[in-house]
Amino acid sequence: LLPAEVCVCEGLNRALTQTAIHPDCALVSQHMKAQQSCIHTRRQEGHNRSARTGCRTEWDEVRCWYRADVGQIVNVSCSDISQLFANKGYIFRNCTKDGWTELYPTYEEACEFAEESETGSETTYFLTISQVYTAGYATSLISLISAIFLTHPYRKFHCTRNYIHINLFSSFILRASAVFIKDGVLFADENLDHCFMSTTACKSAMVFFQFSILANYFWLLVEGMYLQTLLALTFVSHNKYFWWYTLIGWGLPTTILLVWVLTRNFYDNRGCWDDTDVAFIWWIIKGPITASLLVNFIIFINVIRILVQKLKSPGVKGHNTGHFMRLAKSTLFLIPLFGMHYMVFAFLPENTGEGARIFIELGLGSFQGFVVALLYCFLNGEVQAELKKRLWKWQTQGYMSCSRRRRTLFTESSTVTQISVLEKSSPKELPCIMVEKVSNFHT
């Protein structure tokens with residue numbers, strides 16, 4: 001549990017000379033530098049004869065105890081030892097003619113870790129969230145791939161609306177795949193030194209992850225724009241807008257990501273690029289995502305307004321309860337399509353409601369692809385009708401094929417029977433029997 005257990009590692013020299021260090025590992029880096037400085041000071045004292053009297057500088061795997069004279073009592077505050085310690089207890093050591101005495105009290109007795117009681121529960125919480133989003137993304141991945149294979153082969157579904165749906169499904173597939181790739185590269189090996197890992201593989205995984213996130217948000221925006229255009233411009237051909245939608249869905253994320261990669265490489269090339277400490281670099285990614293969510297929220301409100309107007313029109317019959325249920329159903333269908341659950345924390349600081357944010361964006365958000373595939377493919381009336389039609393056609397073809405085989409076998413059996421009867425007949429009866437059988441056979 002002590003910081004020294006983290007610092008004593010085989011890659012000490014490599015870690016101290018490496019410039020790309022993850023910000024969260026700043027404490028570990030400072031501790032390792034303190035250890036190196038303490039060892040260097042002790043070596044210098046070995047060459048200086050005047051410094052050999054008293055107690056020499058010593059590293060006790062937690063902090064450095066610098067040279068002291070015999071009879072001197074050195075005390076150190078817990079807060080001065082490490083920022084990980086929350087209380088202000090003191091630790092003492094005496095310098096005697098035999099050297100340093102033992103610590104009194106020990107680090108474990110005098111110092112307490114900050115938020116020590118919450119460490120176990122937080123670890124359990126994050127492990128649970130990890131299992132939830134792994135199951136969610138796996139479910140989404142399987143359902144989205146199945147949805148594409150179900151709708152793509154049929155020519156009936158080759159239209160602008162379904163092309164946009166398929167691109168949205170593809171962006172969800174990329175997002176789920178990127179999460180698994182990122183976790184596999186960064187966290188598959190528990191023995192990896194995450195504090196000082198800065199490889200091309202982990203940076204590439206983060207670049208792919210950021211691209212999939214951007215593409216997913218922008219295709220959610222395209223879905224909202226298309227629905228708005230569909231309601232506002234009824235008699236306009238939407239096929240000519242598809243290439244603009246493609247440019248927004250794939251082109252804009254590529255451009256934004258290129259700017260982010262260049263900025264990150266030249267101004268903040270630390271670790272695996274998975275931190276958000278430098279605000280202006282993080283807003284290269286967060287700014288367009290927030291803008292797309294804001295536009296989608298406005299479109300969402302406008303679509304709900306149009307639906308309310310249509311349900312209140314004189315041509316729509318029924319009770320108010322029925323209208324309300326239809327409106328509620330339409331609204332629930334639109335929430336995952338527009339990504340409205342992300343609006344809860346879209347305009348709040350990153351550290352606001354961290355637990356709830358992780359649960360909504362990682363826990364619930366991982367199932368968004370599955371919900372979208374369920375609503376717009378598996379529960380879609382047109383898809384179900386086409387599948388039933390194809391199933392009926394396959395059953396009919398199977399029945400007809402079976403009927404043909406039965407008819408062929410019956411005909412062959414009848415012919416063999418006729419020939420055997422002819423062979424057993426007498427020569428006198430042969431002409432009459434032959435004429436009768438041939439006549440029956442033709443009939």
Side-chain angles (χ1 to χ4, degrees), residues 1-48 50-52 54-69 72 74-93 95 99-100 102-103 105-108 110-116 119 186-187 189-203 206 264-279 281:
L1 294 177
L2 294 176
E5 297 176 4
V6 182
C7 296
V8 178
C9 58
E10 296 178 356
L12 177 62
N13 294 329
R14 176 186 62 82
L16 290 175
T17 57
Q18 191 171 352
T19 57
I21 299 176
H22 194 286
D24 292 342
C25 298
L27 290 175
V28 179
S29 176
Q30 292 172 7
H31 195 81
M32 296 174 74
K33 289 179 180 179
Q35 180 187 21
Q36 198 75 355
S37 175
C38 188
I39 295 172
H40 179 70
T41 302
R42 182 178 175 84
R43 288 174 182 172
Q44 287 182 337
E45 290 177 358
H47 298 292
N48 188 357
S50 61
R52 292 180 182 179
C55 299
R56 295 180 60 188
T57 299
E58 181 180 284
W59 176 261
D60 68 349
E61 303 299 340
V62 176
R63 76 174 304 275
C64 188
W65 296 88
Y66 290 98
R67 179 186 172 277
D69 297 326
Q72 185 178 355
V74 180
N75 64 84
V76 180
S77 172
C78 291
S79 58
D80 293 335
I81 296 174
S82 175
Q83 298 178 16
L84 298 174
F85 295 134
N87 63 330
K88 295 182 180 180
Y90 285 88
I91 298 172
F92 301 89
R93 286 190 87 173
C95 178
W100 289 105
E102 296 295 330
L103 302 177
T106 61
Y107 291 114
E108 292 85 351
C111 305
E112 295 178 359
F113 283 100
E115 301 179 359
E116 183 179 6
T119 303
L186 296 180
F187 309 113
D189 188 358
E190 296 181 356
N191 296 322
L192 284 177
D193 188 0
H194 296 286
C195 288
F196 305 102
M197 185 172 65
S198 181
T199 62
T200 304
C202 72
K203 291 178 182 178
M206 287 306 303
R264 187 83 205 221
N265 184 62
F266 289 108
Y267 292 98
D268 189 28
N269 189 17
R270 301 179 298 167
C272 285
W273 297 359
D274 57 338
D275 62 276
T276 60
D277 287 8
V278 183
I281 296 179

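What you see is a predicted model; the values in this text were computed from it and never measured.
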**Q.** Test side-chain contact (heavy atoms from CB on, under 4.5 Å) applied to Thr199 - qualifying residues, sequence neighbours left out
**A.** Met197, Ala201, Cys202
Q | Greater than 12 external heavy atoms within 6.0 Å of Phe92's CZ | A | yes
**Q.** Closest heavy-atom pair and its distance - Asn269, Trp273
**A.** OD1-NE1, 3.0 Å
Q. side-chain hydrogen bond (donor to acceptor under 3.5 Å, both in side chains) with Glu58: which residues, sequence neighbours excluded?
A. Arg93
Q.
Under a plain distance cut-off of 3.5 Å, with no hydrogens placed, do His40 and Gln44 share a side-chain donor-acceptor pair?
A. yes
Q.
Give me the atom names and distance for the closest heavy-atom approach of Ala68 to Trp100.
A. CB-CH2, 3.6 Å
Q) Any cation-pi pair here, Arg63 with Trp65, using under 6.0 Å and within 45°? A) yes
Q: State which residues pass side-chain hydrogen bond (donor to acceptor under 3.5 Å, both in side chains) with Thr57; sequence neighbours excluded, sorted by chain then number.
A: Glu45
Q | Min side-chain heavy-atom separation Leu186-Met206 under 4.5 Å | A | yes
(Q) I'd like to check Ile281 versus Tyr267 (side-chain heavy atoms, cut-off strictly below 4.5 Å). Are they in contact? (A) yes
Q | Short side-chain to backbone donor-acceptor contact, Ser37 and Lys33, under 3.5 Å | A | no
Q. Excluding sequence neighbours, so at least two apart, what forms salt bridge (charged side-chain N to carboxylate O under 4.0 Å, His left out) with Arg42?
A. none
(Q) Quick one, Val278 and Arg270 - any side-chain contact, counting heavy atoms below 4.5 Å? (A) yes
Q) Do the side chain of Gln72 and the main chain of Asp69 share a donor and acceptor less than 3.5 angstrom apart? A) yes
Q. Would you call Ile91 and Thr106 a side-chain contact if the rule is heavy atoms closer than 4.5 Å?
A. no
(Q) So, using side-chain contact (heavy atoms from CB on, under 4.5 Å) as the criterion, who are the partners of Thr200 when residues are at least two apart? (A) Ser204
